[in-house]
Amino acid sequence: MITNQVNNIVELIQQQIKDIVEKSIKVAEQKGELPQIEIPEIVIEKPREQQYGEFSTNVAMQITKQAKQPPRKIAEIIIGNAATEGTYVEKIDCAGPGFINFYLNNQWLYDSLKLITEMKEQYGEITIGKGTKVMVEFVSANPTGPLHMGNARGGALGDCIASVLEKAGYDVTREFYVNDAGNQIQKFGISLEARYIQQLKGEDAILFPEDGYQGEDIIEHAKAYIAEYGDALLLKESEERRSILAQYALPKNIERIRDGLQQYGISYDVWFSEKSLYDSKEVERTISELKEKGYTVESEDAIWLNGEKLGLEKNEVLVRNNGFPTYMAADIAYHRDKFVGRKFDWVINLWGADHHGHVGRMKAAMIPFGIEPDKLQVVLFQLVRLYRNGEIARMSKRTGKSISLTDLLDEVGKDAARFFFNMKASGSHLDFDLDLAVKQSNENPVFYVQYAHARICSMLAKLEEEGIPMPEVSKVDLSLLKEKEELELIKKLAELPEEIRISASTLEPSRLTRYVMDVAGGFHSFYSACSVKNAEEELRMARIELAMCTKTVIRNVLSILKISSPERM
RNA sequence: GUGCCUGUAGCUCAGCUGGAUAGAGCAACGGACUUCUAAUCCGUAGGUCGGGGGUUCGAAUCCCUCCAGGCACGCCA
């Protein structure tokens with residue numbers, strides 16, 4: 001049944017079932033048992049209850065009106081005409097109000113194990129992306145200070161979304177947009193200047209701007225500059241002084257951000273500079289194009305994006321009355337470049353939920369350039385609350401400052417951080433329990449999963465030590481695996497490609513985190529119910545094969561999440 | 001005030017393109033280590049799916065309304 005084309009057995013079976021149903025309906029039409037039916041999209045689902053088989057469909061209920069017969073009757077007719085030869089389907093019956101339930105023979109499970117053994121680290125890879133060029137832009141933190149918890153969640157989410165899309169066959173580019181131009185860089189310079197003067201001439205020498213960056217890191221930059229270059233800037237014009245200080249500190253901050261993300265397991269394909277959009281006149285060009293196409297209005301000495309024409313609630317300023325473009329203008333130019341300049345077919349942005357107001361505007365702003373707005377997709381994630389000792393934690397234990405990504409990594413480590421941020425759907429609020437993340441106990445799901453992997457490794461090592469030969473899949477009789485725990489575990493393993501498919505299409509890698517917890521649980525149950533070492537030789541071989549496949553699946557999922565798979569714990 | 005997100009077991013969350021008796025982990029309680037790692041396993045208990053209305057053969061899921069929490073409504077980004 002396995003061919004090189006098949007990499008998702010669950011999908012294959014669902015297709016088989018759809019074919020069975022469609023053909024059966026056609027046959028029934030010919031026999032006159034059913035009138036001509038416009039067959040709807042056949043939905044195959046997994047029944048909650050084991051007793052209802054592996055898959056079920058509700059077509060009989062969907063076509064009740066067309067068939068002019070009660071659903072159970074229709075189901076009986078479909079079952080009566082179903083041809084299951086050459087498929088994994090063993091039995092079909094009808095239950096409840098008219099569900100058609102499909103029971104499979106175990107061969108699909110054994111074939112899945114063979115598939116895992118053949119594909120190894122590639123198991124789980126599918127081709128639904130068909131090489132589509134997709135960009136995932138995430139974190140894109142302001143380089144005016146350290147990375148915070150929002151960046152940490154966005155980083156874990158964005159990176160894992162990118163990985164999942166790669167597994168699903170997309171051509172993925174990870175990008176960081178560096179906001180190295182515009183207002184906040186001005187503010188950065190003003191803040192640095194104030195700290196610089198305060199360092200040299202005392203706290204009261206200059207009033208620190210109310211909307212300046214308050215962080216300690218600004219003071220540290222000022223001190224570092226003075227240590228390196230002294231007080232010569234005091235003699236310069238303010239504007240030049242600010243610019244020099246900003247240009248001094250900015251690269252340092254970007255470097256720190258890069259290092260922090262590297263520690264976190266994230267590396268980007270592209271670091272895209274906002275400033276480059278000004279330097280290349282791309283912002284200007286974008287604004288004139290909007291103007292030419294009639295999407296702008298001018299009033300109060302400013303140039304506005306015509307919101308009404310784009311179905312928006314209000315107009316948005318593109319060029320201020322002082323002649324400087326807004327962030328919005330630069331962002332439109334940036335996204336135009338993603339599609340028009342760099343030819344991405346699909347662009348995914350990860351933004352904190354506080355930016356949700358910006359989503360509709362940006363998508364609409366693509367229309368003037370002939371870009372389908374839905375090609376720009378924004379994944380919003382809710383913000384993070386840290387808990388320590390059962391209370392909201394705002395400050396770092398070590399530094400006393402607000403908790404940065406680096407602090408988090410120091411405190412809980414990369415594995416726990418990435419696991420926890422990917423445990424919940426992006427849209428749900430996240431309470432991050434710092435105590436739990438480092439707890440080495442069964443309360444901590446990271447350890448639960450990693451322990452399953454370590455347990456397999458150690459078991460296999462022990463068997464090898466005792467001189468027990470490792471199996472060759474072609475010689476193993478997998479059909480010996482028929483204990484409940486064995487079958488449950490294999491079923492889980494067989495679902496990986498389907499889990500990847502769903503995670504990719506919903507952009508929810510959290511699904512995989514929960515999946516790998518299930519796999520680990522399945523293994524632990526198998527482990528305590530079925531002895532490998534003490535099984536009769538043939539069975540032992542099959543069980544070793546199952547354990548090795550489990551190891552492969554856990555590794556593959558953890559590697560998507562960029563979490564380590566320890567061999568011993 | 002307007003818009004968006006969230007509300008499911010004691011806690012943290014799945015399920016939400018409508019389907020069969022609403023699921024999982026943790027916590028609680030009771031069991032299992034002379035046996036391949038007990039960082040584990042097995043079992044028990046736990047629910048007005050925020051409230052109320054509606055649509056439907058059927059609603060946690062769709063519509064309306066109210067309540068609670070978060071966020072956004074800048075010539076900030």
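In what follows, chains carry the letters A, B, and so on, assigned in the order in which the sequence lines appear, proteins first and then strands, with residues in each chain numbered from 1.
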Find the partner of [N]: check Watson-Crick (N1-N3 plus N6-O4 or O6-N4) and G-U wobble (N1-O2, O6-N3) distances, both under 3.5 Å, and reply none if neither fits.
N: B:C4; answer: B:G70
N: B:U56; answer: none
N: B:A20; answer: none
N: B:A45; answer: none
N: B:G10; answer: B:C26
N: B:U40; answer: B:A32

What's the closest nucleotide to the side chain of [X] if the choices are [options]?
X: A:P97; options: B:G19, B:C75, B:A77; answer: B:G19
X: A:N534; options: B:U12, B:A20, B:U35; answer: B:U35
X: A:H429; options: B:G19, B:U6, B:G74; answer: B:U6
X: A:H356; options: B:C75, B:C4, B:C13; answer: B:C4

Just to be sure I understand the rule, does [X] reach a base, reach only the sugar-phosphate, or reach nothing, if contact means heavy atoms closer than 4.0 Å?
X: A:R568; answer: base
X: A:R543; answer: nothing
X: A:C94; answer: nothing
X: A:M61; answer: base
X: A:A452; answer: nothing
X: A:N101; answer: base
X: A:E313; answer: nothing
X: A:S428; answer: sugar-phosphate

Euclidean distance for C1', B:C41 against B:A68 (whole angstrom):
41 Å
Which whole number of Å gives the distance between the P atom of B:A27 and that of B:G69?
31 Å
Starting from [atom2] on [N], measure out to [atom1] on [X] and report it in whole angstrom.
X: A:R540; N: B:U35; atom1: CZ; atom2: C1'; value: 16 Å
X: A:F324; N: B:C75; atom1: CZ; atom2: C1'; value: 13 Å
X: A:E508; N: B:U17; atom1: CD; atom2: C1'; value: 16 Å
X: A:Y387; N: B:C11; atom1: OH; atom2: P; value: 12 Å
X: A:R361; N: B:A77; atom1: CZ; atom2: C1'; value: 10 Å
X: A:K46; N: B:C16; atom1: NZ; atom2: P; value: 13 Å

Under 6.0 Å between ring centres: does that hold for A:Y334 and A:F272?
yes
Both A:Q62 and A:F526 contact RNA chain B. Which one's nearest nucleotide lies toward the 5' end?
A:Q62
Result for 5'-nearest mapping on RNA chain B, choosing between A:Q382 and A:A425, is A:Q382
Please say whether more than 12 non-hydrogen atoms of neighbouring residues, nucleotides or ligands are located less than 6.0 Å from CD in A:Q15.
yes
Spell out yes or no: do the side chain of [X] and the base of [N] have one donor N/O and one acceptor N/O closer than 3.5 Å?
X: A:N321; N: B:C75; answer: yes
X: A:D354; N: B:A77; answer: no
X: A:S56; N: B:A20; answer: yes

What does the B/S/- profile of nucleotides 39-44 of chain B look like, 5' to 3', with a 4.0 Å heavy-atom cutoff to protein?
BSSS--
Can you name the one residue among A:N349, A:L507, A:V359 that meets side chain to side chain contact (heavy atoms under 4.5 Å, CB included) with A:Q377?
A:L507
Syn or anti conformation of B:C33, syn meaning chi within 90° of 0
syn
Tell me whether the OP1 or OP2 atom of B:C76 has a side-chain N or O from A:N183 closer than 4.0 Å.
yes
Looking at A:R320, does any N or O in its side chain come under 4.0 Å of the phosphate oxygens OP1/OP2 on B:A77?
yes
So, A:K462 and A:E465, do they make that salt bridge, N to O below 4.0 Å?
no
Charged N-O contact under 4.0 Å between A:R555 and A:E567:
yes
If you measure from the ring centre of A:Y52 to the centre of the six-membered ring in the base of B:A20, is it under 5.5 Å, with the planes under 30° apart?
yes
How many angstroms lie between atom CG of A:L104 and atom NZ of A:K491, to the nearest 0.5 angstrom?
8.5 Å
Partner of A:F138 under ring-ring contact (aromatic ring centres under 6.0 Å, His included), picked from A:Y177, A:F381, A:Y268, is A:Y268
Row check, A:Y295 ring normal vs A:K309 NZ/CZ: under 6.0 Å, within 45°:
yes
Check for me whether A:K187 meets the cation-pi criterion with A:Y213, that is, NZ or CZ under 6.0 Å from the six-membered ring centre and within 45 degrees of the ring axis.
yes
A:I92 vs A:Y103, test: side-chain contact (heavy atoms from CB on, under 4.5 Å). Steps then yes/no.
CA-CA 6 Å; A:I92 312 177; A:Y103 301 78; over 6 Å; no
